[in-house]
Amino acid sequence: MDFGDEVQKVYCRISHIGSLGLKVLWHFLHFIVSVWFLAQQAAYVLESCFISSGLLKRYEALNLGNLRYLAIVIESEEAHEIPKVIELLNWLATIGVKHVCLYDNEGVLKKSKEAILEKLTDATLFEGVDENNLLLDQEHITLEFASTSDGKGAVTKAANLLFMKYLKSADSGGSSEESIFTEPHMAEALKAVGCRGPDPDLLLIYGPARCHLGFPAWRIRYTEIVHMGPLKSMKYGSLIKAIYKFSMVHQNYGT
């Protein structure tokens, strides 16, 4: 056996030991992360139980003064779980939240709004209600149902409305200033096509994705967004905690 063969054998042994070491290290890191995740989940569930049972006193009195309008975003696959949605709405009614927007991308909740309203006591629809009077109503829980059609589709309708208004103004010899579209003009157009509800103060996302899933972006400029995890794993204590944390946030809106 020459020197080259000996070197090659040594190199193979070192490579094998290195590969084995990397596998052991990967399994060790995977074990640590898994334990950390399980511990975090256990703490999450335990805290939720403590909040639900009233053992954590600071969560007993919630200040809902800043929570005038709440949005709930649900992943469309989970939105078919209508009993869970109704249970969530009953929790919100118990807490004292009065104005809720329910959103899913595919409009599953819109199609089920009659079934949802039948199961709720003193619930009214947002449609056709004046926005200013809506936020003053403290007797009923008011529901708005939204989907992706209230996003890009709504912008398209509003843009067409503004375009037709511009053409009419141009044909009648209107001034050039009337062709300048500003944010208030778009807001007015969106309201005219029935897609301009109040801006939510807090948005809770139920589902695997940590994003707003297409909720109209112009309505969440100053909205606090919280990911709540899967709808099937929702917990009353976690809902209380999310609303409590929002009530403790100081928002700066600029000048």
Side-chain angles (χ1 to χ4, degrees), residues 62-76 78-151 153-154 158 187-206 212-226 228 231 234 236 239-240 242-244 246-247 249 251:
L62 291 176
N63 179 13
L64 300 178
N66 293 330
L67 187 56
R68 298 171 301 170
Y69 206 78
L70 172 69
I72 302 290
V73 171
I74 302 176
E75 194 269 332
S76 291
E78 295 192 335
H80 290 89
E81 301 293 331
I82 300 302
K84 298 294 288 185
V85 175
I86 293 171
E87 183 180 10
L88 176 59
L89 290 172
N90 281 323
W91 286 352
L92 291 171
T94 300
I95 293 170
V97 177
K98 294 300 182 182
H99 311 295
V100 180
C101 175
L102 286 173
Y103 172 92
D104 75 282
N105 189 275
E106 298 178 4
V108 175
L109 296 172
K110 267 188 175 182
K111 297 174 184 177
S112 305
K113 62 183 178 182
E114 287 80 10
I116 293 173
L117 289 169
E118 285 179 3
K119 297 294 184 178
L120 297 175
T121 305
D122 294 329
T124 59
L125 278 175
F126 167 80
E127 300 169 5
V129 179
D130 181 75
E131 182 177 328
N132 295 324
N133 294 333
L134 168 74
L135 297 178
L136 292 174
D137 184 7
Q138 297 297 321
E139 296 181 1
H140 308 90
I141 180 168
T142 307
L143 299 179
E144 176 190 359
F145 292 86
S147 66
T148 189
S149 62
D150 301 294
E188 183 180 349
L190 286 167
K191 189 173 183 178
V193 298
C195 298
R196 184 64 175 91
D199 294 346
D201 302 295
L202 175 64
L203 187 147
L204 303 179
I205 300 171
Y206 285 92
H212 59 74
L213 296 173
F215 189 90
W218 60 85
R219 294 182 60 180
I220 53 176
R221 294 167 297 175
Y222 305 110
T223 302
E224 293 287 329
I225 301 176
V226 180
M228 302 295 290
L231 183 69
M234 69 178 190
Y236 182 72
L239 182 62
I240 290 285
I243 295 175
Y244 172 80
F246 169 78
S247 69
V249 170
Q251 292 179 310

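Here the structure is a predicted model, which is why all the values come from computation and not from measurement.
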Query raised in the report: How far apart are the closest heavy atoms of A242 and V226, and which atoms are they?
Result: CB-CG1, 4.4 Å

Report summary line: d(L231 CG, L204 CG) to nearest 0.5 Å is 11.5 Å

Query raised in the report: Quick one: does D199's side chain get under 4.5 Å of R221's, heavy atoms only?
Result: yes

Query raised in the report: Heavy atoms, side chains only, cut-off 4.5 Å: are L143 and K113 in contact?
Result: no

Query raised in the report: Residues in side-chain contact (heavy atoms from CB on, under 4.5 Å) with E75, at least two apart?
Result: E77, E78, P208, L213

Report summary line: Of all heavy-atom pairs linking K84 and M234, the shortest is O-CE, 3.1 Å

Query raised in the report: Out of curiosity, Y244 OH to L239 CG, how far, rounded to the nearest 0.5 Å?
Result: 15.5 Å

Query raised in the report: With sequence neighbours excluded, what pairs up with L64 under the side-chain contact (heavy atoms from CB on, under 4.5 Å) test?
Result: L62, L67, I95, I243

Query raised in the report: Got a second to check how far E81's CD is from I86's CD1, nearest 0.5 Å?
Result: 11.5 Å

Query raised in the report: Between V108 and S76, what is the shortest heavy-atom contact and its length?
Result: CG2-O, 4.0 Å

**Report entry** Spatial distance of atom NE2 (H212) from atom CG (L203) [nearest 0.5 Å]
**Finding:** 8.5 Å

Query raised in the report: What's the shortest heavy-atom distance between S147 and K110, and which atoms?
Result: OG-NZ, 3.6 Å

**Report entry** Close side-chain approach of L125 and F145, heavy atoms under 4.5 Å
**Finding:** yes

Query raised in the report: For A79, does its backbone N or O pair with a side-chain atom of Y206 as donor and acceptor, under 3.5 Å?
Result: no

Query raised in the report: Does the side chain of R219 come within less than 4.5 Å of P198's, by heavy atoms?
Result: yes

Query - Close side-chain approach of Y222 and D201, heavy atoms under 4.5 Å - result: no

Query - Spacing of I116 atom CD1 and I82 atom CD1 [to the nearest 0.5 Å] - result: 4.5 Å

Report task. Work out which heavy atom in Y236 is nearest to a heavy atom in T94; give both atom names and the distance. Result -> OH-CG2, 4.1 Å

Report task. To the nearest 0.5 angstrom, please state how far the CD1 atom of I72 sits from the CG atom of D104. Result -> 12.5 Å

Query raised in the report: Can you tell if the side chain of N90 reaches within under 4.5 Å of the side chain of L120, non-hydrogen atoms only?
Result: yes

Query raised in the report: Excluding sequence neighbours, so at least two apart, what forms side-chain contact (heavy atoms from CB on, under 4.5 Å) with N66?
Result: F246

Requested in this report: Using the six-membered ring wherever Trp is involved, compare the ring planes of H99 and Y69 and label them parallel, tilted or perpendicular (cut-offs 30° and 60°).
Outcome: parallel

